[in-house]
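Here is the naming used below: chain letters follow the sequence lines, and residue numbers restart at 1 for every chain. Atom set for the values below is all heavy atoms of this structure, side chains included, hydrogens, waters and symmetry mates excluded.
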There are 2 protein chains.
Amino acid sequence: MATEELLQKALDAIGEPDSPLIKEVFDRLVTTDLPDRPMSVQEVADLLDASPHTLRYYERIGLIEVDRDASGYRTYDTDAVRRLVFLTRMRLSGMPIRDLQHYVSLVDQGEGTVPERLEMLLEHRDTIRRQIRQLTLSLAATEYKIATYGGETAP
Amino acid sequence: MATEELLQKALDAIGEPDSPLIKEVFDRLVTTDLPDRPMSVQEVADLLDASPHTLRYYERIGLIEVDRDASGYRTYDTDAVRRLVFLTRMRLSGMPIRDLQHYVSLVDQGEGTVPERLEMLLEHRDTIRRQIRQLTLSLAATEYKIATYGGETAP
DNA sequence: CTAGAGCTTTGAGCGCGCTCCAAGGCAAGC
DNA sequence: GCTTGCCTTGGAGCGCGCTCAAAGCTCTAG
């Protein structure tokens, strides 16, 4: 199944969030396209559309631990890459670095912190929803302006 | 017609962007709830959910000109408020201050710059759409995590 | 009349999230 | 062997968008 297709399924599933497909679809989305060999900092950066600087920065501030090869070069195993996928996803949706640091510290403290992690995620979910609502309004306002300027309507 | 209702109509209209309702609905959305007396900086700040500091800053950097009353206090007329509504909408959807300055300078240069303004708006529309897409993916990822933690599914 | 809150200005300060610099090591090609 | 380019580290620098400080004026309540 192609990534695009999975993505579309996932997006569809959001419309009906009770669908048991969500977990399955995302399990595959998340694990797809990750080579199971260790990756270099540049490779991961390309994968995440980030800069190597940023990945090193995330490591420095304790968001992730990364192994080194015999020469001292970073080697990102699958778990590390998966964590970075999650981290960048959260960053892209506006979660502050500070919160991510807290989240990661909760993960490090073990299963007992699952309720607090869950609480964070629920709050963040609301934040994302608010953002989407705001953006939708901004999109409408932009469409409106475009219309007043006689621009093309949306395709 | 209540603002909430207008808003819903507007959101619906986005689904079918060719609808001639968009302009009408937003005309009313934009002009609704604006008292036609001049407003103080604090009043406008409350209206826009911004700080007076921010409004003064926008003025300082040339995004808007604001009248003064006999005592030297800022008085925002309807046009000024409407411009600020637009500016904050664009800011909320991530348009950089620098671009807004350019846009405003185009407005100041008159009707001849309409094509370039239109171009900016079309580009920004795409940017907003990309953001919404990104946020939708982040929302899905968050839902997924919530599900793995056994949290409630979306209401 | 006076206290206190809010307004004015210019200029400086700050939090965030990178982003880059300097000095040096490792790997691959000529 | 040497060059070229990416890697390492710690620390410094930076762009953005506010946000606040200082010094002084104005309005309102008591």
Side-chain angles (χ1 to χ4, degrees), chain A residues 37-77 80-81 83-104 124 127 131 134 138, chain B residues 37-77 80-81 83-104 124 127 131 134 138:
Chain A
R37 61 181 168 78
M39 299 173 75
S40 73
V41 67
Q42 186 62 60
E43 284 172 324
V44 178
D46 289 344
L47 181 74
L48 298 177
D49 209 17
S51 82
H53 289 301
T54 300
L55 300 187
R56 290 190 274 258
Y57 169 67
Y58 285 0
E59 184 179 353
R60 235 194 314 184
I61 64 176
L63 286 184
I64 191 171
E65 288 182 17
V66 183
D67 292 338
R68 298 291 187 276
D69 69 11
S71 308
Y73 286 21
R74 284 172 179 78
T75 62
Y76 293 81
D77 60 22
V81 175
R83 175 175 276 200
L84 282 170
V85 168
F86 173 72
L87 291 173
T88 51
R89 231 345 118 205
M90 294 302 102
R91 283 293 305 124
L92 272 175
S93 49
M95 182 177 284
I97 293 267
R98 190 167 304 269
D99 289 2
L100 285 173
Q101 288 174 312
H102 182 59
Y103 186 91
V104 162
H124 189 58
T127 301
Q131 288 184 75
Q134 285 296 319
S138 295
Chain B
R37 61 182 169 77
M39 299 173 75
S40 74
V41 67
Q42 185 62 60
E43 283 172 324
V44 178
D46 289 345
L47 181 74
L48 298 176
D49 210 16
S51 82
H53 287 302
T54 300
L55 300 188
R56 293 186 199 110
Y57 169 67
Y58 285 180
E59 186 179 354
R60 233 194 317 184
I61 64 177
L63 287 184
I64 190 171
E65 288 182 17
V66 183
D67 291 336
R68 299 291 187 278
D69 68 11
S71 310
Y73 285 21
R74 284 171 178 79
T75 62
Y76 294 82
D77 60 23
V81 175
R83 175 175 277 202
L84 282 171
V85 167
F86 172 72
L87 292 172
T88 51
R89 224 356 112 202
M90 294 302 102
R91 283 292 307 124
L92 272 176
S93 49
M95 182 176 285
I97 292 267
R98 190 167 303 269
D99 289 3
L100 285 173
Q101 288 174 312
H102 182 58
Y103 186 91
V104 162
H124 189 57
T127 301
Q131 288 184 75
Q134 285 297 318
S138 295

Given atom CZ of Arg74(B) and atom C1' of dT26(D), what is their separation to the nearest angstrom? 15 Å

Using a 4.0 Å heavy-atom cut-off, does Pro52(B) contact any base of the nucleic acid, only the sugar-phosphate backbone, or nothing at all? nothing

Rounding to a whole Å, what distance do you find between Glu59(B):CD and dT8(C):C1'? 11 Å

With respect to the side chain of Ile97(B), which nucleotide from dC26(C), dC18(D), dC18(C) is positioned closest? dC18(D)

How close or far is atom P of dT8(C) from atom CG of Asp67(B), stated in whole angstroms? 12 Å

Testing the basics here: between Val41(A) and Leu55(A), what is the closest heavy-atom pair and its distance to 0.1 Å? O-CD1, 3.6 Å

With a 3.5 Å distance limit and no angle check, can you tell me whether Gln101(B) reaches the backbone of Gly62(B) through a side-chain donor-acceptor pair? no

Report the distance from atom CD of Gln131(B) to atom CD of Gln131(A), rounding to the nearest 0.5 Å. 8.5 Å

Closest-nucleotide mapping onto DNA chain C: is Arg68(B) or Tyr73(A) further toward the 5' terminus? I mean the 5' end. Arg68(B)

For Arg56(B), report the nucleic acid contact type (base, sugar-phosphate, nothing); a contact means any heavy atom under 4.0 Å. base

Starting the side chain at C-beta, find the nucleotide from dC16(D), dC16(C), dG17(D) nearest to Arg91(B). dG17(D)

Rounded distance (Å) that lies between atom C1' of dC7(C) and atom CE of Met39(B): 16 Å

Would you confirm whether Ser138(B), through its side chain, and Met90(A), through its main-chain N or O, come within 3.5 Å as a donor-acceptor pair? no

Grab the CG-C1' distance between Asp69(A) and dC6(D) for me, whole Å please. 12 Å

OP1 or OP2 of dA27(C) under 4.0 Å from side-chain N/O of Ser71(A): yes

Would you mind telling me which of dC18(D), dT8(D), dT19(C) lies closest to the side-chain atoms of Tyr57(B)? dC18(D)

Nearest heavy atoms of Ala80(A) and Ile64(A), plus distance in Å: O-CD1, 3.3 Å

Output the rounded distance in Å from CG (Leu63(A)) to C1' (dC18(C)). 13 Å

Rounded distance (Å) that lies between atom P of dC16(D) and atom CE of Met95(B): 15 Å

Nucleotide dG6(C), atom P - distance to NE2 of His53(B) in whole Å: 12 Å

May I ask you to verify whether the side chain of Arg60(B) and the base of dG11(C) hold a donor-acceptor pair under 3.5 Å? yes

Do Tyr58(A) and dG17(C) share a donor-acceptor pair, side chain to base, under 3.5 Å? no

